[in-house]
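Hydrogens, waters and symmetry mates are skipped; everything else that's a heavy atom, side chains included, is used. Just so we're on the same page: letters track the sequence lines, and every chain starts at 1.
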Amino acid sequence: KNEVEQSPQNLTAQEGEFITINCSYSVGISALHWLQQHPGGGIVSLFMLSSGKKKHGRLIATINIQEKHSSLHITASHPRDSAVYICAVSIIQGAQKLVFGQGTRLTINP
Amino acid sequence: GAVVSQHPSWVICKSGTSVKIECRSLDFQATTMFWYRQFPKQSLMLMATSNEGSKATYEQGVEKDKFLINHASLTLSTLTVTSAHPEDSSFYICSARGRGTYNEQFFGPGTRLTVL
């Protein structure tokens with residue numbers, strides 16, 4: 001079992017829909033990252049969380065440390081949100097290396 | 001804040017040549033830089049970790065003579081792919097970590113290497 005599990009692996013939705021991507025982890029962490037990777041490869045850091053909730057525009061990220069779970073929400077989704085969303089955790093042991101989820105491929109149709 | 005750049009963003013080279021990729025932290029001092037490789041439709045794979053002024057620590061299976069990493073200053077690390085071959089074609093991504101509020105990994109945009 002991977003230390004970081006994302007669900008779903010693939011998600012297709014219509015423009016305007018509310019999107020939720022989930023991330024569960026099984027190790028002790030100092031922080032959790034949500035990353036976005038568009039076709040063509042460039043990675044954008046969306047959020048870094050160690051507790052609670054963060055919001056940036058239409059994106060919301062939450063984390064529950066006790067349950068070892070995080071969610072990324074996209075409100076009023078748009079085709080330009082189509083990308084791969086990656087959850088990564090900084091593990092407490094191991095020189096703060098990142099452990100990555102397998103990614104969620106999101107496609108928003110117009 | 002916390003901007004990391006990479007140069008070049010893409011490069012095409014002939015087999016047997018060496019290619020250097022730069023990773024810079026633009027607005028903070030990066031005490032540690034990480035180099036990742038990503039194959040199509042796969043997640044990022046950590047290649048090595050470098051601390052400023054010391055030798056890089058390579059992950060198991062990564063050839064240190066093939067992938068030379070230099071972290072000569074607090075804002076610059078370089079990855080040199082020596083004697084590149086087509087199987088080295090990949091997407092290479094760096095991240096940088098500093099101190100205080102920058103004590104987490106901030107990612108560069110990546111460099112796509114194609115070896116002909």
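Under the 4.5 Å side-chain heavy-atom criterion for grouping Ile, Leu, Val, Met, Phe, Trp and Tyr, B:Met47 is connected to B:Ile69 within one hydrophobic cluster. Cluster annotation: A:Ile43 is not connected to A:Met48 through the hydrophobic network of ILVMFWY side chains, with a link wherever side-chain heavy atoms come within less than 4.5 Å. Cluster annotation: A:Val4 is connected to A:Val27 through the hydrophobic network of ILVMFWY side chains, with a link wherever side-chain heavy atoms come within less than 4.5 Å.
For a heavy-atom cut-off of 4.5 Å, chain A lies close to no residue in residues 10-18 of chain B. Annotation: residues 78-88 of chain A contacts chain B through A:Ile86 [non-hydrogen atoms, separation under 4.5 Å]. Near-neighbour residues of residues 71-93 of chain B relative to chain A, defined by a heavy atom under 4.5 Å from a heavy atom of that chain, comprise B:Phe91, B:Ile93.
For the ring-ring contact (aromatic ring centres under 6.0 Å, His included) test, no residue two or more places apart in sequence or in another chain qualifies with B:Phe39.
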**Prompt:** Between A:Ile108 and A:Gln14, does a side-chain contact (heavy atoms from CB on, under 4.5 Å) hold up when you go through it step by step?
**Reply:** CA-CA 5 Å; A:Ile108 304 296; A:Gln14 290 299 122; over 6 Å; no
**Request:** Please assess B:Met45 against B:Glu59 for the test side-chain contact (heavy atoms from CB on, under 4.5 Å), listing each intermediate value before the final yes or no.
**Result:** CA-CA 9 Å; B:Met45 180 190 78; B:Glu59 295 297 300; over 6 Å; no
**Message:** For a side-chain contact (heavy atoms from CB on, under 4.5 Å) check, start with the C-alpha distance between B:Glu52 and B:Met33, then their side-chain angles and the critical distance, and finish with the verdict.
**Reply:** CA-CA 8 Å; B:Glu52 187 264 339; B:Met33 286 188 171; over 6 Å; no
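Put simply, the side chain of A:Lys55 gets close to the backbone of A:Gly57: a donor and an acceptor are under 3.5 Å apart. Of the possible donor and acceptor atoms, none in the side chain of A:Ser70 sits under 3.5 Å from a partner among the backbone N and O of A:Cys23.
Side-chain contact, A:Gln37 with B:Gln38: a donor N or O sits under 3.5 Å from an acceptor N or O. One side chain, A:Ser90 or B:Glu104, offers a donor N or O that lies under 3.5 Å from an acceptor on the other.
Looking at heavy atoms from C-beta onward, A:Ser26 lies in side-chain contact with A:Glu3 at the 4.5 angstrom threshold.
Taking the six-membered ring for Trp and thresholds of 30 and 60 degrees, B:Phe107 and B:Tyr36 have ring planes inclined between 30 and 60 degrees apart.
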